[in-house]
Each structure stands twice: as C-alpha cells, then as structure tokens.
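So the structure is just underneath, and the comments pick up after that.
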Amino acid sequence: MAIDYAVPDEIRELAARTRAFVNEQCVPAEGVLLDSRHGIPDTERARLQGLAKAAGVFAPTGPTEYGGHALSHTAQAVILEESGRSLLGPIAMNCGAPDEGNILLLDKVATPEQKDRYLGPLVRGEMRSAFAMTEPAPGAGADPESLKTSAVKDGNSWVLNGRKWFITGGVGSGFAIVMARTPGGATMFLVDGSNPGMKVECALETMDIAFSGGHAVIDFEDCRVDESMVLGSVDEGFRYAQIRLAPARLTHCMRWLGAARRTHEHAVAYAGDRQMFGTNLASLGMAQQLIADNEIDISASRALIWQAAWVLDQHKSGKQETSITKTFVAEAVYRIADRSMQLCGGSGTLLDRPVARIFQEIRPFRIYDGPSEVHRRAIARRASRNAEKGLLPGDWM
Ligand SMILES: Cc1cc2nc3c(=O)[nH]c(=O)nc-3n(C[C@H](O)[C@H](O)[C@H](O)COP(=O)(O)OP(=O)(O)OC[C@H]3O[C@@H](n4cnc5c(N)ncnc54)[C@H](O)[C@@H]3O)c2cc1C
C-alpha cells in the first residue's frame, strides 16, 4: 500500500492559521510562564482558548458533534506540530495532554450519558481532566501490572482506595479517569473532582512547569463512585489504556517536535547574527555540525511521526510504529533543544527565552508515556515474535 504524504489544501490552510495564531497570540503571552510553577492560571487559559475559538483553530482532535475538527492522525501531525511551537499553543487550542488523550478515549469508550457529561465539556474547554495510573513504589510505574489502587464492588457502587502521583492536570481538574485493580484485572473509573473520597494533596515540584494543574499527588480514601461511572467494561482497563496510549504518545511527539523546532529556529537566527573570530557563528564548522544535526533530527522525527500517524489512520494498532516513534522523538527533541542551547551560549540558558524554557519541559518526555527502556523492550520483543513468524521489519507495508 502506498503512503500518501500529500497535505490536503484545507489542512495547509489550517496549519497557516495555526502558525499565525501561535505567533500572534501565544508567543506574546509566554511571559505568564515566568510566574508559574504548575501551569498558567485557568483565567489566562480561558482567555487564550477564547482567542483560539475566534481564530477557528480550537479543539483540532475533538469530535465534530462537540465542536471539534476531528482531524485524522496524519492531519494532526501537521497541526499539532504547529501548535507546539509555543508551550501555550496546545493549552490555547485544547489539544494538550492529558485532555487530548482523554478526549480520544472517551470518544471511543464512553456511554452516551458519559459523553454528554464529560466529553462535551472537555472538548469545549469548560473543564480540565486527569488520567491517573502511576503510583509511588511499589505501585504502577514503568510496569503498569504493579497496579495497587483497588476498587471493590459494594451494592451499586465501587469503592476505590490507593495513592497516585505525577497525575498531570490533577489540581483543579473537573474529573479524573482512574485506573484501579478489580478482581479480573484493571478497570477505569470516572471520578468527579468534587468527590470527597478523591483528595488532591499537592502538585509536585517537577522541573517542568507548563502543564495546567501541574503533576499531582492524589489519595483515594474510600472513594465511592456509582457503577455508572465505570468507563467501558469492568476488567478491561489495560486494554483501554492501550487504545489511549498509542495515539496519545504520538500527539506528544507532534507537539514536542514543534517545541524543539522553535529552539532550533532561535539557534539558527542567533548563529546567523552573532559575530566571532572574524565571521558569523553559523559559518564555523563545529556550529554547522550542530545546526545540521538538528535539521536531521527534525526531519527524521517528522518522517517517523507521519508514518506512524498514517498507520493509525489505516485503523491498525500502530503499537510497534508508535513505540519506535516515541523512543526516537523523545530522545531527538532533547538533543535538538540541547544543541540549540549550546549554540545560543549564555543567552540559551535564560528562562525568560524559549530555548531554556523548552529544554526544561522536554526532558521528562523520555520518562512519561513509557520510558525509552520500556519501549525498547517492547520493540525488541515484537521483533523477535515477528522473526519467529518469518516476518521482517516493514512486512506490514
Ligand atoms: C512530567 C510527568 C508527567 C506525568 N504524567 C502522568 C499522568 O498524567 N498520569 C500518570 O498516570 N502518570 C504520569 N506520569 C508518570 C509516568 O508515566 C511514570 O513516571 C513512568 O511510567 C515511570 O514510572 P516510575 O516513575 O514509577 O519509574 P519506575 O517504574 O521506577 O522506572 C524507573 C526507570 O526504570 C527504567 N526501566 C523501566 N523499565 C526498564 C527495563 N525493562 N529495563 C531497564 N530499565 C527499565 C526506566 O529508565 C525508568 O525511567 C508522569 C511523569 C512525569 C515525569
């Protein structure tokens, strides 16, 4: 089957509008991040989202019945890369983590009632959400099978007990999708932010600061939820996590590629202007190597993202392709931001400028949505299984 990389005219037009929106509205507002430890205030988020709605670039991944653009994965690759050039872009356009992944999961799995109550407001930007899987050791982390949070059936309710941490968006979220152990496996539950049994303790002091609601510690103490709050079917949680994770890790790659590209744009401009040793920095061989390696990492990342997006658009699982892409891109965008900082010299370390700010935000991506080691393990195991079946890499084409 041929892979068609042609970008349709309407997506080119949307990409141009997205670039203009990010440059004109998000970049000038970035100063707000200097006062931030756990994302921008919700009032500023609402202001930017209003501007994104007016510009027609809001909710690119959301279903159309709730006002989204319902873009294909390949179209998302173009638009979300543009959104990511500013750390405020995905927040303004409502295509950032974790809401974007939760929108996808709710759209695929939620009942009509759950969609009206949670999916609609989420797509419209009326509330934020969280996805609560990770637990402090010895609970779920790189290995989700270590899940300790329990859910026990009591009449028409389920009662949740356990502790989660690093839950992005946890502070101030309207609801969380919570993964808990049930007798036959794991189950996802929708838990309202107002539920007295879900206690959001604090936001952790992580090195990244741009995610709305920070990364929270959440305690579940006899947290009672009605059985209608089960997302999908009981004991199917691990399967649903896979439905969410493959596309969600790809959209992370798209946004972070845009952010890394921004650091590169700054570095190239700086190297062109900066005079030293009788010439400009961009003419010096060792600087040219940094610039060229950034260009190579950007192109290779984009090619992998587009290929994996195309596989998802063919309604295939894309597990191998998204794992390969996530591992490569998470490491490549860090290299890009690191080289960009080096090229910019001391000014590259200033947190009121994009290079240092993005550098700090990008590093944790090698850990969340599957650390590189977890993906490499999965990639190698699939390769071995395929070899046993006589399949070679690329045989799916
Ligand atoms: C900024 C940020 C945001 C996050 N947001 C969320 C969120 O919204 N919701 C949520 O549920 N979780 C979230 N997480 C948690 C994240 O998913 C976990 O941190 C990640 O899964 C690793 O789990 P852990 O921290 O328990 O590390 P551990 O499980 O203790 O793993 C430690 C290290 O072991 C190494 N390792 C793992 N497997 C192997 C292997 N097979 N071979 C060799 N080495 C290996 C890896 O280097 C890994 O980093 C977030 C984390 C961060 C940093």
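Both ligands and their constituent atoms are indexed starting at 1 by order of listing. All values below were derived from every heavy atom in this structure, side-chain atoms included, with hydrogens, water molecules and symmetry-related copies excluded. Along the sequence shown, residues carry numbers from 1. In this text the structure is predicted, and so the values were computed from the model without any measurement.
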From CA spacing to verdict: salt bridge (charged side-chain N to carboxylate O under 4.0 Å, His left out), Glu265, Arg19: CA-CA 14 Å; Glu265 288 166 20; Arg19 182 175 294 195; over 6 Å; no
Indicate yes or no: does an N/O atom of Val374 lie under 3.5 Å from an N/O atom of ligand 1? no
If we count only N and O atoms by modelled type, under 3.5 Å, do the side chains of Arg244 and Asn102 hold a donor and an acceptor together? yes
Close-contact set for ligand 1 against Ile367 heavy atoms, below 4.0 Å: 19 (O), 20 (C)
Contact bool for atom 38 (N) of ligand 1 (protein heavy atom, d < 4.0 Å): yes
Distance below 4.0 Å between atom 32 (C) of ligand 1 and any protein heavy atom? no
Using a 3.5 Å cut-off on N or O atoms only, is Glu373 in polar contact with ligand 1? yes
What atoms in ligand 1 come closer than 4.0 Å to a heavy atom of Arg377? 41 (N)
Heavy-atom nearest neighbour in the protein, as seen from atom 2 (C) of ligand 1, with distance rounded to 0.1 Å: Tyr368 CD2, 3.3 Å
Can you classify the ring geometry of Tyr368 versus Phe211 as parallel (below 30°), tilted (30 to 60°) or perpendicular (above 60°)? perpendicular
N/O to N/O below 3.5 Å, does that happen between Thr134 and ligand 1? yes
Flag atom 25 (O) of ligand 1 as yes if some protein heavy-atom distance to it falls below 4.0 Å, otherwise no. no
For ligand 1, is there an N or O atom under 3.5 Å from any N or O atom of Pro98? no
Any donor-acceptor N/O pair, Gln114 side chain to Val230 backbone, under 3.5 Å: yes
Taking Asp219 for the side chain and Arg163 for the main chain, is one N or O donor matched with an acceptor at less than 3.5 Å? no
Are the side chain of Asp192 and the backbone of Met198 linked by a donor-acceptor contact shorter than 3.5 Å? no
Check whether any protein heavy atom sits under 4.0 Å from atom 29 (O) of ligand 1. yes
Option nearest atom 3 (C) of ligand 1 (shortest heavy-atom distance, choices Ile167, Asp369, Thr168): Thr168
Please tabulate, one pair per line, all N/O donor-acceptor pairs under 3.5 Å involving side-chain atoms of residues 354-366, not counting sequence neighbours.
| from | atom 1 | to | atom 2 | distance (Å) |
| --- | --- | --- | --- | --- |
| Glu361 | OE1 | Ala210 | N | 3.2 |
| Glu361 | OE2 | Ile209 | N | 2.7 |
| Glu361 | OE2 | Ala210 | N | 3.4 |

Considering all heavy atoms, the nearest Val32-Leu88 contact: CG1-CD1, 4.2 Å
Side chains of Glu100 and Thr251, donor plus acceptor under 3.5 Å: yes
When you measure from the heavy atoms of Asp208 to every atom of ligand 1, does any distance fall below 4.0 Å? yes
Please indicate whether any nitrogen or oxygen in Phe131 is less than 3.5 Å from any nitrogen or oxygen in ligand 1. yes
